[in-house]
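Read through the structure below, which is laid out as structure tokens, and then see the notes.
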There are 2 protein chains.
Amino acid sequence: MTHKSNPSEIKTYLKTISIFKDCSDSFLAKISANAQCQIHKKGKILFVHDDTIERFYIIKSGWVKLFRETLDGAQAVVDILDNHHVLGEIAIFENNIVPYSAEVVSNAEIISLPLANLKKEIKNDNQLALNMLKSMAHDRRRKDKEIEHRTIQNAPQRIGCFLLRLIDQNQKGPVTIHLPYDKTLVAARLGMQPETFSRALSKLRDETGIRINGATIEMESLDQIVRYSCAACSSNFPCQDLKTTS
Amino acid sequence: MTHKSNPSEIKTYLKTISIFKDCSDSFLAKISANAQCQIHKKGKILFVHDDTIERFYIIKSGWVKLFRETLDGAQAVVDILDNHHVLGEIAIFENNIVPYSAEVVSNAEIISLPLANLKKEIKNDNQLALNMLKSMAHDRRRKDKEIEHRTIQNAPQRIGCFLLRLIDQNQKGPVTIHLPYDKTLVAARLGMQPETFSRALSKLRDETGIRINGATIEMESLDQIVRYSCAACSSNFPCQDLKTTS
DNA sequence: CGAGGGTTTGAAGTGCATCAAATAGTGTGG
DNA sequence: CCACACTATTTGATGCACTTCAAACCCTCG
């Protein structure tokens, strides 16, 4: 389902992506000319791990799940990304082979760009290489955090931590949160079963006094959750989520 | 305990480090001149997370544990590195603040180099930036694998997988493995308790017929372990460990 | 030889997974 | 706009994996 792919419009959007910050205009023009923008429905598989791909992707809207799975169907969610995030670009270091599968988990607008352009340009454009390096470093750090959380935090604490990272942590007073995607998916993202998620969320409610209504969660203040979740984390609150973007 | 720090000798060693491959000679000369090589004893803390550091490190021999810990002492091992690995360099993207603590876990010879040199040079030397980018990408991929393993594999399987990644996976026939460091540390590296490690290793023995003698492990062939451990992994054997180096 | 850390073993508890089934919620076609 | 089909979520019952606490054992090194 190809959408209008106006190069200049795409170019404008690309400029908002961290890895393209301050990149040469000629490169942005070139890559935009080769860009496609498509609208994908929930469930669409963009690629499967160990595929050879020719294009990488940038999310303009919606959510995409990155994952791997074993022969007998066990699945590990590597990441869940939203707009401004880039995926598949890592393949330029692996002979165009992607190390994870990507599935659209809510209707999404996604730009695709040729890997070849990127692969070539990082050798010429030091700014681009530095941007990618910085983004990659940031991302590696996020993974470290993820491993730490799964090691130290229990299920209710991980949920609390996840909720805190959805919001601006400097605000005072009451906060309302909307879960960004299905509870089942949040569960997978946090490395637990849906049933465990449901029970753990109830436990978090009992421990912290938050109010839960479907995908909406209200809290009087962040204090309770911070006390409950951040105790089992090596970072100090406010910890900010480390986003790939920014 | 400062050791002889012969710049030209250090320079030769630096050339074997992946991020310095094909870097400008003048840069290598400069950074070598500012290098120090020290011998550290087991237990030495190189830095603590959230410290501001001025130097990054390269391991010449021995092992270094990267970790974070919470106020009440819970610890998460981020990585355990040996020679040719670089640590602390990530701080150049975070205002010289390191995101993890580093502890020498076996007597080690470690080179330290000024962060400032590196920070400045990646802007001039595209090759250096690309090397770091590639290494960082590789590393991020390793973390993804780590998360996957902790999600999908149980304790005995994780140990089997760990053992396989210690060796050349293409060899046939009997293999003897020496654990590279304390069992307690292997346990922490794999995200489990020492007691669990001990029991899980016994279970792995019962399931695969390997022979265990202290830190030495013998196996008739890899097949048994592969069948047992790799079933719970999305990668195909041989999977190769993804090293920071190489 | 003795001290101390690393390792193993035992017993008991806890947290999460699993299996099963009920319930709520959502989108579809009539 | 309603009824049905299908999916997401919750709840219950049970089992297993890993942790925790405690104690014994073993190995190494001064």
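This one's a predicted model, so the numbers in the text were calculated from it and none came from an experiment. Chain A is the first sequence line, chain B the second, and so forth, proteins listed ahead of strands; every chain is numbered from 1.
- For the pair Asp206(B) CG and dT9(C) P, the computed distance is 11 Å after rounding to whole Å.
- Rounded to an integer number of Å, the gap from Asn213(B) CG to dC27(D) P is 9 Å.
- With no hydrogens or angles considered, no side-chain donor-acceptor pair links Arg158(B) and Ser229(B) at under 3.5 Å.
- The nearest whole Å value for the distance from the CD atom in Gln157(A) to the P atom in dT14(C) is 16 Å.
- Remark: Glu195(A), Ser198(A), Arg199(A) in residues 193-205 of chain A come within less than 4.0 Å of DNA chain D through at least one heavy atom.
- Each of Arg141(B), Arg142(B), Lys143(B) was checked for a side-chain hydrogen bond (donor to acceptor under 3.5 Å, both in side chains) with Asp139(B), and the lone residue meeting it is Arg142(B).
- Aromatic ring pairs are classed by plane angle as parallel below 30°, tilted from 30° to 60° and perpendicular above 60°; the pair Tyr13(B) and His84(B) is tilted.
- For the pair Pro238(A) and Asn170(A), the tightest heavy-atom approach, listed with the atom from each and the gap, is CG-OD1, 3.6 Å.
- Met192(B) places its CE atom 14 Å from the P atom of dA17(D), with the value rounded to the nearest Å.
- In plain terms, the two heavy atoms of Cys161(A) and Gln153(A) that are nearest each other are CB-NE2, 3.7 Å.
- At whole-Å resolution of the value, CD1 in Ile212(A) and P in dT9(D) are 13 Å apart.
- Side chain of Pro156(A), nearest nucleotide from dA17(D), dT9(D), dC16(C): dC16(C).
- As rounded to whole Å, 19 Å separates atom P of dA24(C) from atom CG of Asp182(A).
- The CZ atom of Arg150(B) sits 11 Å away from the P atom of dT19(D) (whole-angstrom rounding).
- As a whole-Å value, the separation of Ile152(B) CD1 from dA17(D) C1' is 17 Å.
- Ring geometry, Phe47(B) versus Tyr57(B): the interplanar angle falls from 30° to 60°, so the pair is classed tilted.
- When the nucleotides dT7(C), dT19(D), dA8(D) are ranked by their closest atom to the side chain of Lys42(A), dA8(D) comes out on top.
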